[in-house]
Protein chains: 2
Amino acid sequence: MKKHPKTGDNGNNSDKRRATSYDVATLAGVSQSAVSRVFQDGASASKAMRERVMAAADQLGYRPNAIARGLITQRSNMVAVVISKLTNLYYPEVLVQLTQRFSEKGVRVLLFALERESDTESVVEQMLQYRVDGILTAAMFTPGQLETIDNAGIPVVFYNRSAPGQQVSSIRCDQEEGERWLVDELVNAGHRSFGVVEGPGDSIVSIERRTGALNELKSLGITDITTVSGDFGYETGRECFSELVSKRGSPPDAVIAANDVMAIGCIDEARESHKLSVPGDISIVGFDGVGPARYSAYALTTVRQPVQRMTLAAASMLLERIENPELSPEKRSFSGIPVRGSSAKLNPAE
Amino acid sequence: MKKHPKTGDNGNNSDKRRATSYDVATLAGVSQSAVSRVFQDGASASKAMRERVMAAADQLGYRPNAIARGLITQRSNMVAVVISKLTNLYYPEVLVQLTQRFSEKGVRVLLFALERESDTESVVEQMLQYRVDGILTAAMFTPGQLETIDNAGIPVVFYNRSAPGQQVSSIRCDQEEGERWLVDELVNAGHRSFGVVEGPGDSIVSIERRTGALNELKSLGITDITTVSGDFGYETGRECFSELVSKRGSPPDAVIAANDVMAIGCIDEARESHKLSVPGDISIVGFDGVGPARYSAYALTTVRQPVQRMTLAAASMLLERIENPELSPEKRSFSGIPVRGSSAKLNPAE
DNA sequence: GGCAGTATTGCATTCGTATGCAATTCGGAG
DNA sequence: CTCCGAATTGCATACGAATGCAATACTGCC
């Protein structure tokens with residue numbers, strides 16, 4: 001009894017049902033296993049076989065079904081990439097680069113975009129159902145979610161964040177170090193009163209940057225510090241600056257914004273609404289090194305994240321762990337690249 | 001003879017092998033079909049059954065395998081989204097929004113990122129192998145590729161582009177109309193000599209914008225036009241402006257850039273390298289309405305794409321065609337939203 | 001030509017879920 | 001209590017490819 005008596009009128013290559021390896025096998029007069037082997041890397045197949053099969057495959061427009069392959073091999077060759085919405089101008093580059101890196105390795109990217117960084121409920125469920133081989137996330141997971149993922153044996157790499165109290169792999173830019181540099185430069189240039197514009201409360205990146213800045217300021221004996229908070233966006237950057245001024249009664253010597261976009265907002269607000277010159281009357285610095293930071297109207301003093309190296313490392317780290325699940329967690333921290341723009345009065349050189 | 005004698009020590013829920021519907025069935029003392037039915041929407045299952053199965057499923061940490069489901073139902077519940085690298089500041093928003101829209105409908109996004117818009121070779125292969133249910137693309141496909149996709153019965157929706165001479169569905173912003181508005185405003189304000197900064201040659205969007213602008217200029221009897229081309233990036237925006245000036249010997253009355261980012265580059269170059277006032281000495285306009293266009297240092301006059309509505313429409317259009325593959329192609333064109341900024345001298349009102 | 005050893009090939013089974021069909025149970029009406 | 005139709009459940013098979021094992025075809029060497 002034939003198990004697969006499906007092919008209707010073969011020879012014609014554009015038909016509703018997609019050709020399967022059985023169809024190809026039948027047309028080529030070989031077994032299905034042979035077809036399967038021809039379409040694999042390390043499989044043994046003679047040159048003659050290869051040619052016969054390929055000819056038949058072309059004729060039928062056959063291509064292996066990755067879904068079926070994933071089922072039998074227990075490998076989907078897909079990784080989940082999780083991003084959150086707020087991380088506006090910065091992540092696009094990251095995402096495109098990541099996707100290309102994975103692509104080169106024959107791995108597809110299943111994208112999940114969160115409205116807020118804390119919306120991870122259903123995402124975890126989806127990732128597990130699709131049996132992704134690994135997870136690269138720019139959002140936090142709860143300990144419970146992490147345990148679930150870990151039980152499923154799926155490696156996870158955190159991007160610019162980590163899991164509190166958990167042993168996990170991560171790639172990050174050293175935010176504290178970057179803030180330290182910024183603060184040092186500003187203080188060395190004689191600034192004594194500071195405004196700190198932080199980002200959203202559920203963003204670790206924002207928290208690290210704020211903490212880094214405040215700690216360094218404190219350790220340098222600076223006490224005149226005013227803090228306000230925004231959402232990483234341009235508009236709130238502007239609002240934050242005005243809030244800062246009204247809270248203090250006057251502008252501080254310098255403003256440390258949690259990211260470049262808010263720093264730009266601060267600059268615009270300072271210039272437009274408060275008639276201040278930047279950096280003549282006030283110094284303003286950011287963080288990230290996004291595109292607009294270079295625009296000459298701002299020429300932001302900032303710390304640039306080494307995106308290229310970070311994405312490359314993140315992809316490698318995840319792929320490694322997919323190949324070898326026993327690898328213990330690893331944290332790689334990259335130093336940011338100091339960028340002296342003209343948005344802050346700094347010491348001439350060091 | 002038992003077909004699936006796999007479960008080792010059940011009762012314990014954290015074990016290497018993922019629980020399957022058989023495991024759940026065994027533990028709950030029901031058939032595998034029952035488990036399958038409980039985890040579906042329109043399936044018939046009694047309340048008692050539902051509860052037993054769910055209890056067992058929780059205990060084992062079971063979740064349906066989307067890969068296996070995809071194999072049997074011939075539906076991967078995944079769509080491919082294709083973007084290209086160059087489309088820098090603009091697409092990130094699009095991408096996040098799209099992903100969220102699809103998510104709401106229970107559809108996952110498989111992301112493909114192209115280095116250049118013409119790198120579509122392997123992408124098509126990948127998409128077909130993964131049996132995506134639909135394709136949303138912000139890159140062009142060749143006629144051959146389109147035919148292949150069509151033969152596979154996969155619906156395609158083009159985003160801001162179309163396939164030459166092919167009947168396909170698309171969502172676009174009416175670039176010509178937008179350029180017409182920009183040109184009209186500029187000419188009405190008395191500008192007579194123009195610089196046109198176009199984008200990369202393999203980008204349809206760029207071509208449409210250039211053509212739109214040139215046609216309108218011509219129809220208004222303007223002949224003093226100089227054209228240069230960049231790559232949609234800030235740096236080339238700056239270079240283009242200087243090239244424009246040196247080509248003409250003097251700055252034109254107005255510059256029409258193919259996108260906001262290049263317009264910003266032009267403004268910076270005009271101000272910094274040529275000591276020109278914008279819009280005092282020269283008017284510069286862009287296209288897209290990206291974030292930085294709003295920054296008050298630029299306050300770009302531009303045409304904003306209605307991203308929200310476009311992504312919503314694109315997602316719906318694709319999902320519709322997945323449900324009903326017989327639907328004939330449809331093209332939806334959205335008008336851009338004119339934004340009068342301060343980067344151009346325009347008529348006071350109309 | 002004969003033989004050992006290796007490279008190819010085919011057979012049969014497997015991955016985890018969905019579903020048509022038949023068997024069974026359930027509910028209510030008479 | 002009995003009987004009928006509807007709802008629920010189980011059985012068996014299918015989806016499309018990969019792979020261990022056994023059978024077969026080659027290869028080179030004596």
Side-chain angles (χ1 to χ4, degrees), chain A residues 1-7 16-26 28-53 56-57 60-77 128-131 133 152, chain B residues 1-7 16-53 56-57 60-77 128-131 152:
Chain A
M1 178 181 113
K2 290 259 163 111
K3 278 191 75 178
H4 286 267
K6 321 176 229 174
T7 315
K16 32 214 69 169
R17 216 179 44 68
R18 311 280 288 270
T20 74
S21 56
Y22 277 100
D23 301 332
V24 176
T26 305
V30 301
S31 74
Q32 179 268 331
S33 344
V35 177
S36 170
R37 288 188 177 109
V38 167
F39 279 90
Q40 273 177 86
D41 332 284
S44 90
S46 67
K47 200 181 147 213
M49 171 67 82
R50 216 170 288 276
E51 282 165 2
R52 294 191 58 165
V53 168
L60 296 176
Y62 168 78
R63 41 205 115 227
N65 182 327
I67 299 288
R69 174 179 291 173
L71 182 57
I72 186 73
T73 60
Q74 310 278 43
R75 269 291 207 103
S76 62
N77 282 315
L128 291 176
Q129 292 199 5
Y130 273 84
R131 301 301 193 264
D133 295 335
Chain B
M1 178 183 110
K2 289 260 162 112
K3 278 191 75 179
H4 285 269
K6 321 177 227 174
T7 316
K16 31 215 70 169
R17 216 179 43 69
R18 311 281 289 270
T20 74
S21 56
Y22 276 102
D23 302 331
V24 176
T26 305
L27 179 59
V30 300
S31 75
Q32 179 267 332
S33 341
V35 177
S36 170
R37 289 187 175 109
V38 167
F39 279 89
Q40 273 178 88
D41 331 283
S44 89
S46 66
K47 201 180 145 211
M49 171 66 83
R50 216 171 288 275
E51 282 165 3
R52 293 190 59 165
V53 169
L60 296 176
Y62 167 77
R63 44 205 112 227
N65 183 328
I67 299 290
R69 175 177 290 173
L71 182 57
I72 186 74
T73 60
Q74 308 280 43
R75 270 290 207 105
S76 62
N77 282 315
L128 291 176
Q129 292 199 5
Y130 275 85
R131 302 299 195 262

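Here is the naming used below: chain letters follow the sequence lines, and residue numbers restart at 1 for every chain. The model shown is predicted, which means the values in this text are computed figures rather than measured ones.
Side-chain atoms of B:Ile72 lie closest to D:dA14 of the nucleotides C:dT19, D:dA17, D:dA14. Of the candidate nucleotides D:dG10, D:dC21, D:dC15, D:dC21 has the atom nearest to the side chain of A:Arg37. Comparing D:dG16, D:dA17, D:dA18 by their nearest atom to the side chain of A:Tyr62 picks out D:dA17.
A straight line from CD1 of A:Ile67 to C1' of D:dA17 spans 12 Å, rounded to a whole angstrom. We find that CD of B:Glu51 is positioned 15 Å from C1' of D:dT8, with the value rounded to whole Å. Distance NZ (B:Lys47) to P (C:dC26): 16 Å, rounded to an integer number of Å. A:Arg18 has its CZ atom 12 Å from the C1' atom of D:dG16, to the nearest Å. The distance from atom CD of A:Gln32 to atom C1' of D:dG16 is 8 Å, rounded to the nearest whole Å. Between the P atom of C:dG16 and the CZ atom of B:Arg75 lies a distance of 24 Å, rounded to the nearest Å. Here the C1' atom of nucleotide D:dT8 and the CZ atom of B:Arg52 are 14 Å apart, to the nearest Å. Residue B:Arg63 contributes atom CZ, which lies 17 Å from atom C1' of C:dT17 at whole-angstrom precision.
At C:dC11, none of the side-chain N or O atoms of A:Ser31 fall inside 4.0 Å of OP1 or OP2 (strictly under the cut-off). Listed pair A:Ser36 / D:dA18 meets the phosphate criterion, a side-chain N or O lying under 4.0 Å from OP1 or OP2.
You'll find the side chain of A:Arg18 reaches within 4.5 Å of the side chain of B:Leu128, heavy atoms only.
With the nearest nucleotide of DNA chain D identified for both B:Ala48 and B:Leu71, B:Ala48 has the one nearer the 5' end. Comparing B:Val30 and B:Thr73 by the nucleotide of DNA chain D whose heavy atom lies nearest to each, the residue mapping closer to the 5' end is B:Val30.
Note that the CG atom of B:Leu71 and the CZ atom of A:Arg69 stand 13.0 Å from one another [nearest 0.5 Å]. Going from atom CZ of A:Arg52 over to atom OG of A:Ser46 covers 9.5 Å, rounded to the nearest 0.5 Å.
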Exercise for review: Take B:Asn65 and B:Thr20, measure what side chain to side chain contact (heavy atoms under 4.5 Å, CB included) needs, and give me the verdict at the end.
Suggested key: CA-CA 8 Å; B:Asn65 183 328; B:Thr20 74; over 6 Å; no

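Residue B:Val35 is classed as having no contact, given no heavy-atom separation below 4.0 Å to the nucleic acid. Using a 4.0 Å heavy-atom distance criterion, A:Ser46 is classed as a sugar-phosphate-only contact. Residue-level contact check: B:Gln74 touches the backbone only, with heavy atoms under 4.0 Å from sugar-phosphate atoms and none from bases.
The main-chain N or O of B:Ser76 is never found under 3.5 Å from a side-chain atom of B:Arg131 such that the two would form a donor-acceptor pair.
Below the 3.5 angstrom threshold, one finds no donor paired with an acceptor across the side chain of A:Gln40 and the base of D:dA18. Judged by distance alone with a 3.5 Å cut-off, a donor-acceptor contact links the side chain of B:Ser33 to the base of D:dC11.
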